[in-house]
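Before any comments, here is the structure.
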Amino acid sequence: MAAAFPIDKFFLLERRLYGLEKAICMLALLVMLLAVMGSVVVRNFDLRVLNPGEYGIIAMAPLTFVGAAMCSYTGTHIAVDVIALAKSAAVRRLARLAVALAMVVFATVYLWTGWHYLMGAVESGERLLDTGTPIVVPLCFLPLGMAMVLFHTVAEIVRLATGREAHAEEDA
Amino acid sequence: MITGSLLVALLLLGVPVAVVFTLIVIANVDAWNIDWSVLPAITHDTISSFPLLAIPLFLLGGELMNRGGLIRQLTTVCDMLLGWVRAPMGHIMIAASGLMGAITGSSVATVAAIGGTVGREMLARGYPPGYVGALNAAAGLLGVLIPPSIPLILYGSIVGVSITQLFMASALPGIVMIVVFMAVHVVMSRRVLPGGQETLAAAGEAGPGPILSGHARQRGRTVLHALPALFLPVLVLGGIYSGYFTPTEAAAVAGVYALFITLAGRSLKAGELRKVFLSAALSAAAIMVIIGFTSIFNRAMVLEQVPQGIAALAMTVTENPILFLLMVNGLLLLIGMFMETNAATLLMGPLLAPAAMQYGIDPIHFAIILVTNIEIGLLTPPLAANVYVAARTNKVPLLSMFRYLGWFFGVCVAVLVLITYVPALSLWYRYF
C-alpha cells in the first residue's frame, strides 16, 4: 500500500505536467495566429506600430520543445510503427524499452547542451531585432521541454516496469 | 555501415524519426567534427523561421474547417455540382479532397476530414467498404498536390526556392491527378456497385444530404449557406498568387477567417474550440519536432559534402538526366514506403536537389517530382499513413482496401512518370 501510493502520485504529477504542456502549446498556437494576423494588418494598413510577426516566431519554441514532451506523453511522435504490428507482447515491450532508452539519451544530451546554450544567451543579453525580446525567452523552452520529455520517459520506464500500458493519444 | 544499420534498427524499433536522426549525429559527433554546442543552436535556428509558421497555422485552419462543419458544407456543394453524373459520391470524395487540400496542405488531415463526411455517405450508398477506404486514402494525396502544401513549404524553406512558385508548379499536376482519379472511379464504380449504380435509398441518411433531388431554390440556399466556406480557398490561393499575402500570412488569414465563421455560425462551442487548438497543436508539434531535430542531420550531411557525393556517384553511373530521374524515382518510392512525408522531404530535399541541379533539372520541377514520389509512399506499407487513417476513419478492415489500392497506386505512378518527363507540367506558369 505504502509502495503503491508514490507511484500513483507520480502518474498524477505526470498528468498535471501534460495539462501544463497542453496549455503552453495551445497558447503558443494562439500567439502565432494573432501575431501573423497582426503583421498582415500592420503591413497592409501601413500602421506605425511594432510589427508583431516576431512574436509568432518566438512561439515556435514552446510549440516545438514543449510539444515534443506532449507528443512523448500521447505517443504521437512520428515514427515507423512496424513493431506495433508484432504479435508477441514481449517483443512489443522490448521495443518500448528500446524507445524509452533512446529517448533518455536524446533528452539528456539536449537538456545538457540546451542548458549551456541558454546560459550563454543569459550572459550575452542578446535580444531579437524587431521586438527587442531577450533571446532567452524562446531559448528557455528548449531545456524545459527536454526536462519534460525526460520526465515522461522515466514515467514510461516505470510503466514498463510495473506492467502498465503505454499512454495513448487522448482528448484531441 | 554501422551508422546505417543503427539508423534502420532504431527506425524499425519505433524510435521517433527525429530522435533517430539526432542520435545518429550524436553517435558521430567526433567523426563528423561537430561541436556539441551547435546542436541546440541549429535546432532553434531552424524552427525560428517565418515561412515555417505556415505549417501550424494551416493545420489549425483545417481543423477549424473540419470540426466547425465547413467541410460538410463544401461537400454538399460538390454533391450538388456532381450529382448528375453516375456514381457521384466517388467523384465528390475526389473533388472535396481537392478543396480540402486547397485549405490545409496536408494529406492525412484531408483523409481524416473527407473520410469522416463523404466516406460514411459512400458506405450508405452501397460502395464496398474496402473501395471507400482505398479511394479516401488515394484522394488524400490531393491534400498535398493541390496548393498550399506543407511538404512544399518545407522543401522551399530548406532548399531555398520560392514557395509561391512551388505552389503554382504543383497546381497542374494536382489537377491531372484529380482527372485520373475520377477516370479510375468511372471504371471502378461499374465493377464495385451493384448494376454500376449507387443505392439512392440510402442517400441523405448521413453525410452531405439529399441535394441530388433538390429544387433550384434549395440548391440556391445550399450554395448561399456554403458561400463563406467556398470563399476560403479563394482567399488563400488568391491572396498568395496576387502577391497580397505570403503563404504564412495566408495561413493566418485562413485560420482567423475559419475561426470567425465557425464562431459566427455557432458551429463550435468554447469546449470544442479547445479541442481544435489541442488537435492542431499536437499535429503541428509532431511535425515541428521532425523539422527542428532532423536539421542537425541535414547540416552534418552538408558539412560532409554528401549531396556532392551523391551527385558524383550518380554521374559515374549515368550522365543522362532521364536515367538519373528514373533512379531518383525508384529511391524516393522506396523511401516513401518507410518514412513520413515531411521527414522524407526534409532529409531527401537538401541531399538530392543539388545533385539534380548538376543534371540541369530545375529545382522547382524537382520539388514536384520529390513530393509526388514521397506522397505515393503514403499508399504503400509499411508506413502508409493515408491507408491507416482511411481504415480508421471509415472503420474499414485494412486488408479489404488493398485489392482496390493497386489501381490508384498504378495511376499515381503513371502521373509521376508524366510529371518527371514533362517538365512543362510543373513549370507551366513560366510560359505566361
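- In this structure, the separation between CE on A:Met60 and OG1 on B:Thr46 is 10.5 Å, given to the nearest 0.5 Å.
- The two residues A:Phe65 and B:His44 come nearest to each other via the heavy atoms CE1-CD2, 4.3 Å.
- In the displayed structure, A:Leu129 atom CG is contacted under 6.0 Å by at most 12 heavy atoms of other residues, nucleotides or ligands.
- With a 4.5 Å cut-off on non-hydrogen atoms, A:Arg92 does not touch chain B at all.
- Here the closest heavy-atom approach between residue B:Val15 and residue A:Ala79 is recorded as O-CB, 3.9 Å.
- Residue contact with chain B, scored on non-hydrogen atoms closer than 4.5 Å, involves the side chain of A:Leu142 exclusively.
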Run A:Ser39 and B:Glu249 through side-chain contact (heavy atoms from CB on, under 4.5 Å) and show every step you take.
CA-CA 8 Å; A:Ser39 77; B:Glu249 289 171 347; 4.1 Å; yes
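- Within the model, atoms CG of A:Leu101 and CG of B:Leu13 stand 10.5 Å from one another, a figure rounded to the nearest 0.5 Å.
- Using a 4.5 Å cut-off between heavy atoms, B:Ile291 makes no contact with chain A at all.
- The number of heavy-atom neighbours closer than 6.0 Å to CH2 of B:Trp32, taken from other residues, nucleotides and ligands shown, is above 12.
- Scanning residues 22-31 of chain B against chain A with a 4.5 Å non-hydrogen threshold yields B:Thr22, B:Leu23, B:Ile26, sorted by number.
- For the atom pair CD1 of B:Ile47 and CG of A:Leu63, the computed distance is 8.5 Å after rounding to the nearest 0.5 Å.
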Could you please spell out the steps behind the side-chain contact (heavy atoms from CB on, under 4.5 Å) verdict for A:Val36 and B:Phe50?
CA-CA 9 Å; A:Val36 180; B:Phe50 195 74; 4.1 Å; yes
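- B:Ala281 and A:Cys25 make their closest contact through CB-CB, 4.1 Å (heavy atoms, listed as atom of the first residue, atom of the second, distance).
- Closest approach of B:Leu278 to A:Met26, counting heavy atoms only: N-SD, 3.7 Å.
- If you take OG on B:Ser283 and CG on A:Leu29, they are separated by 10.0 Å, rounding to the nearest 0.5 Å.
- Both the backbone and the side chain of B:Tyr244 come within less than 4.5 Å of a heavy atom in chain A.
- For a heavy-atom cut-off of 4.5 Å, chain B lies close to A:Gly53, A:Gly56, A:Ile57 in residues 47-58 of chain A.
- The contact between A:Tyr110 and chain B is made entirely by side chain atoms (from C-beta outward), counting heavy-atom distances below 4.5 Å.
- Contact between B:Trp36 and A:Thr113 at its shortest, heavy atoms only, is O-CG2, 3.6 Å.
- Here the straight-line distance linking atom CG of A:Leu33 with atom CG of B:Leu259 works out to 7.0 Å at 0.5 Å rounding.
- Looking at B:Ser49, the atoms closer than 4.5 Å to chain A (heavy atoms on both sides) all sit in the backbone: N, CA, C or O.
- In this structure, chain A has no heavy atom under 4.5 Å from any part of B:Leu273.
- Of all non-hydrogen atoms in B:Leu53 and A:Met32, the two that sit nearest each other are CD2-CG, 3.5 Å.
- Considering OH of B:Tyr257 and CE of A:Met37, their distance stands at 12.0 Å, rounded to 0.5 Å.
- For B:Leu60, the part lying under 4.5 angstrom from a heavy atom of chain A is the side chain only.
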